[in-house]
Amino acid sequence: MTHLFEPFEIGALALANRIIVAPMCQYSADEGSAGDWHLIHLGHLALSGASMLIIEATAVSAEGRITAADLGLYSDANEAALARVLAAVRAHSPIAIGMQLAHAGRKASSRAPWQGGAQVPIGQPGGWPTVAPSAVPHAPGEQPPVGLDAAGMQKIRDDFARAATRAARLGIDGVEIHAAHGYLLHQFLSPIANQRDDAYGGSIENRMRFPLEIFDVVRAAFPPDRPVWARISATDWLPGGWDIDGTVALSRALKARGCAAIHVSSGGVSPQQKIQLGPGYQVPFAARVKAEVGLPTIAVGLITEPEQAEAIVAGGEADAVSLARAMLYDPRWPWHAAAALGARVVAPHQYWRSQPRQYKDLFENASFGAR
Ligand SMILES: Cc1cc2nc3c(=O)[nH]c(=O)nc-3n(C[C@H](O)[C@H](O)[C@H](O)COP(=O)(O)O)c2cc1C
């Protein structure tokens with residue numbers, strides 16, 4: 001028995017194995033609404049054999065989108081469009097479906113990566129005023145965001161709660177709160193972006209306050225028998241920035257509030273970051289969170305090989321792994337991992353005949369005949 005293919009639980013959500021499809025923005029929505037691209041994209045990833053598919057960063061408001069083409073869940077039209085996609089996916093795959101709820105803060109109003117990813121100036125198509133904890137731009141020379149006041153923060157709490165209610169109606173199995181990658185909640189956590197001098201800035205307790213309030217409103221709006229967890233950047237990769245000690249403190253505070261897991265990523269708050277890239281480069285952060293907090297922990301980042309993923313879980317560094325780029329490159333990665341590790345995986349019956357001769361027991365319950 002491999003460890004990677006052992007069942008696993010996030011709160012009450014039972015997962016068939018420890019391979020998760022990481023959230024991946026597609027910048028392909030229309031006014032926040034999913035379309036045929038999402039049906040194709042999520043549909044094929046749902047056949048991957050992973051235990052859970054986390055839907056991309058899904059904006060809780062129009063102004064919280066990274067680009068004008070981001071997926072959103074802030075209107076009835078957005079909800080109806082996702083319902084159509086989810087019905088198709090669910091009809092053909094048992095995969096658990098998570099959703100990442102997000103607000104981009106000062107990194108909103110951007111172009112898609114394939115258009116260069118730069119800020120879109122206010123007034124140009126796809127450009128709008130952004131908000132953040134403080135009126136500090138992400139990069140020098142960019143138009144600064146508006147520092148949030150009490151009413152602006154209340155709107156964001158309400159937007160997260162409403163989106164969580166919509167996610168619940170859609171039958172989403174679990175919500176991941178995006179508190180990583182330099183987006184709004186990470187901006188509150190990091191002293192680089194948060195220069196407030198009120199109850200939401202300064203000490204780590206103050207900087208954690210708004211992200212924790214968002215956790216509370218999402219947790220309250222989502223059914224208690226379905227998990228809510230957070231994705232955190234473990235470090236800003238910059239002196240004086242958010243760091244792993246803060247990440248452990250935040251994870252403990254989240255755990256006390258009923259958070260079901262921590263998804264450990266890093267970086268994104270400043271273009272000055274100096275990331276030390278390499279295979280599994282964020283796994284040591286996940287290992288510290290798992291050891292010191294004790295919540296189910298998901299490791300991510302340059303995990304590309306089945307043996308590498310198996311070692312991370314078997315060695316107790318994380319409870320599960322999530323993959324992004326490797327999963328796009330090879331959407332049957334979990335099948336190939338199961339084959340390499342001698343495990344079994346669920347595959348759609350339409351594809352059972354593809355089982356290679358040397359892996360006679362790869363697909364669960366597979367059988368076929370002909371006359
Ligand atoms: C196309 C693409 C879109 C992404 N969009 C998101 C996103 O919506 N939310 C998020 O938290 N991370 C996002 N990421 C980051 C991934 O989830 C992941 O953390 C990162 O790519 C490192 O994992 P990998 O080495 O397996 O790709 C994205 C990455 C890619 C490649």
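Residue numbers run from 1 in the order of the sequence given. The basis for the numbers below is simple: all heavy atoms, side chains too, and nothing from hydrogens, waters or symmetry mates.
Remark: Phe368 CZ is packed, more than 12 non-hydrogen atoms of other residues, nucleotides or ligands lying under 6.0 Å away. Atom NE2 of His349 has 12 or fewer neighbouring heavy atoms from other residues, nucleotides or ligands inside a 6.0 Å radius. No more than 12 heavy atoms of other residues, nucleotides or ligands sit less than 6.0 Å from atom CG of Asp197. Counting non-hydrogen atoms of neighbouring residues, nucleotides and ligands closer than 6.0 angstrom, the CD atom of Gln350 exceeds 12 such neighbours.
With hydrogens and angles ignored, the 3.5 Å screen pairs a side-chain donor or acceptor of Gln115 with a backbone N or O of Ala112. The closest donor-acceptor contact from the side chain of Ser134 to the backbone of Gln195 lies under 3.5 Å. Judged by distance alone, the side chain of Asn194 and the main-chain N or O of Pro133 form no donor-acceptor pair under 3.5 Å. Side-chain atoms of Ser251 never come within 3.5 Å of backbone atoms of Ala249 as a donor-acceptor pair (strictly under, hydrogens ignored). Without hydrogens or angle criteria, Arg65 side chain to Gly72 main chain gives no donor-acceptor distance under 3.5 Å. With Ser190 contributing its side chain and Ile192 its backbone, the two residues share a donor-acceptor pair below 3.5 Å. With hydrogens and angles disregarded, a donor-acceptor distance shorter than 3.5 Å links the side chain of Trp333 to the backbone of Thr304. A donor-acceptor contact shorter than 3.5 Å links the side chain of Gln355 to the backbone of Lys360. Between the side chain of Glu176 and the backbone N or O of Trp229 there is no donor-acceptor pair closer than 3.5 Å.
The hydrophobic clustering, which links ILVMFWY residues whose side-chain heavy atoms are closer than 4.5 Å, places Val300 and Leu328 apart. There is no path of hydrophobic side-chain contacts, each under 4.5 Å, that joins Met52 to Leu295. A continuous path of Ile, Leu, Val, Met, Phe, Trp and Tyr side chains, each step under 4.5 Å between heavy atoms, connects Val217 with Met153, placing both in one hydrophobic cluster. Both Tyr281 and Ile232 are members of a single hydrophobic cluster when ILVMFWY side chains are connected at heavy-atom separations under 4.5 Å. Transitive grouping of hydrophobic side chains (ILVMFWY, heavy atoms separated by less than 4.5 Å) brings Ile204 and Leu189 into a common cluster.
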Using the rule given for side chain to side chain contact (heavy atoms under 4.5 Å, CB included), can you reason through Arg157 versus Asp216, listing the C-alpha separation, both sets of side-chain angles and the distance that settles it, and then say yes or no? CA-CA 9 Å; Arg157 286 186 203 97; Asp216 287 343; over 6 Å; no

Exercise for review: Check the pair Thr130, Lys107 against side chain to side chain contact (heavy atoms under 4.5 Å, CB included), reporting the backbone distance first and the verdict last.
Suggested key: CA-CA 8 Å; Thr130 64; Lys107 285 174 82 173; over 6 Å; no

Taking it one step at a time, do Val228 and Ile177 satisfy side chain to side chain contact (heavy atoms under 4.5 Å, CB included)? CA-CA 7 Å; Val228 176; Ile177 296 174; 3.8 Å; yes

Could you walk me through whether Asn206 and Tyr200 satisfy the side chain to side chain contact (heavy atoms under 4.5 Å, CB included) test, starting with their C-alpha distance in whole Å, then the side-chain angles of each, then the deciding distance to 0.1 Å, before giving a yes or no?
CA-CA 4 Å; Asn206 283 359; Tyr200 293 92; 5.7 Å; no

query: Where do Asp330 and Arg325 land on the salt bridge (charged side-chain N to carboxylate O under 4.0 Å, His left out) test, with the steps shown first?
result: CA-CA 8 Å; Asp330 176 5; Arg325 290 163 294 184; over 6 Å; no

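In plain terms, the two heavy atoms of Gly49 and Pro334 that are nearest each other are C-CB, 3.7 Å. Heavy atoms only, all atoms of each residue included: Val283 and Ala299 are closest at CG2-CB, 4.2 Å. Scanning both residues, Glu364 and Val346, for their nearest heavy atoms gives OE1-CG2, 3.7 Å. Shown here for Thr247 and Ser233, the closest heavy-atom pair between the two residues is OG1-O, 3.6 Å. Heavy atoms only, all atoms of each residue included: Pro23 and Arg231 are closest at CG-NH1, 3.8 Å. Of all heavy-atom pairs between Ile95 and Ala46, the closest is CG2-CB, 3.8 Å.
The ring pair (Phe, Tyr, Trp, His ring centres under 6.0 Å) contacts involving residues 74-104 comprise nothing, where partners must be two or more places apart or lie in separate chains.
For Lys155 and Asp159, the salt-bridge test passes: some basic side-chain N is under 4.0 Å from an acidic carboxylate O. For Arg166 and Glu79, the salt-bridge test passes: some basic side-chain N is under 4.0 Å from an acidic carboxylate O. Salt-bridge annotation for Lys274 and Asp236: absent, with no side-chain N of the basic residue lying under 4.0 Å from a carboxylate O of the acidic one. With salt bridges taken as basic N to acidic carboxylate O contacts below 4.0 Å, none links Arg209 and Asp198. Salt bridge annotation for Lys290-Glu317: absent, with no cationic side-chain nitrogen under 4.0 angstrom from a carboxylate oxygen.
Aromatic ring centres of Trp237 and Phe285: separated by under 6.0 Å.
Leu4 contributes atom CG, which lies 6.0 Å from atom CG of Leu341 (distance to the nearest 0.5 angstrom). Note that the NE2 atom of His3 and the CG atom of Asp319 stand 11.5 Å from one another [nearest 0.5 Å]. Between the CD1 atom of Ile262 and the CD1 atom of Ile298 there is a distance of 9.0 Å, given to the nearest 0.5 Å. The CZ atom of Phe363 lies 10.5 Å from the OH atom of Tyr351; values are rounded to the nearest 0.5 Å. Expressed to the nearest 0.5 Å, how far CE of Met99 lies from CZ of Phe222 amounts to 9.0 Å. Interatomic distance, CG of Leu82 versus CD1 of Ile172, reported as 7.0 Å (0.5 Å rounding).
Classification of the Phe210-Phe188 ring pair by plane angle, with boundaries at 30° and 60°, yields tilted. A perpendicular orientation is assigned to the rings of Tyr183 and His181, their planes being inclined by more than 60° (bins at 30° and 60°).
There is no side-chain donor-acceptor pair under 3.5 Å between Gln26 and His38. Between the side chains of Asp30 and Ser33, no donor-acceptor pair is found at a separation under 3.5 Å. Under the 3.5 Å distance criterion, with hydrogens and angles disregarded, no donor-acceptor pair is assigned to the side chains of Glu63 and Trp128. When only modelled atom types and interatomic distance are considered, Gln282 and Ser266 share a side-chain donor-acceptor pair under 3.5 Å.
The shortest distance between side-chain heavy atoms of Pro144 and Arg106 does not fall below 4.5 Å. Contact check for Val21 versus Leu323: no side-chain heavy atoms found under the 4.5 Å cut-off. With a 4.5 Å cut-off on side-chain heavy atoms, Arg84 and Asp36 count as touching.
Annotation: cation-pi pair Arg219/Phe215 absent, no NZ/CZ under 6.0 Å from the ring centroid and within 45° of its normal. Geometrically, Arg207 does not engage Trp242 in a cation-pi contact defined by less than 6.0 Å to the ring centre and at most 45° from the axis.
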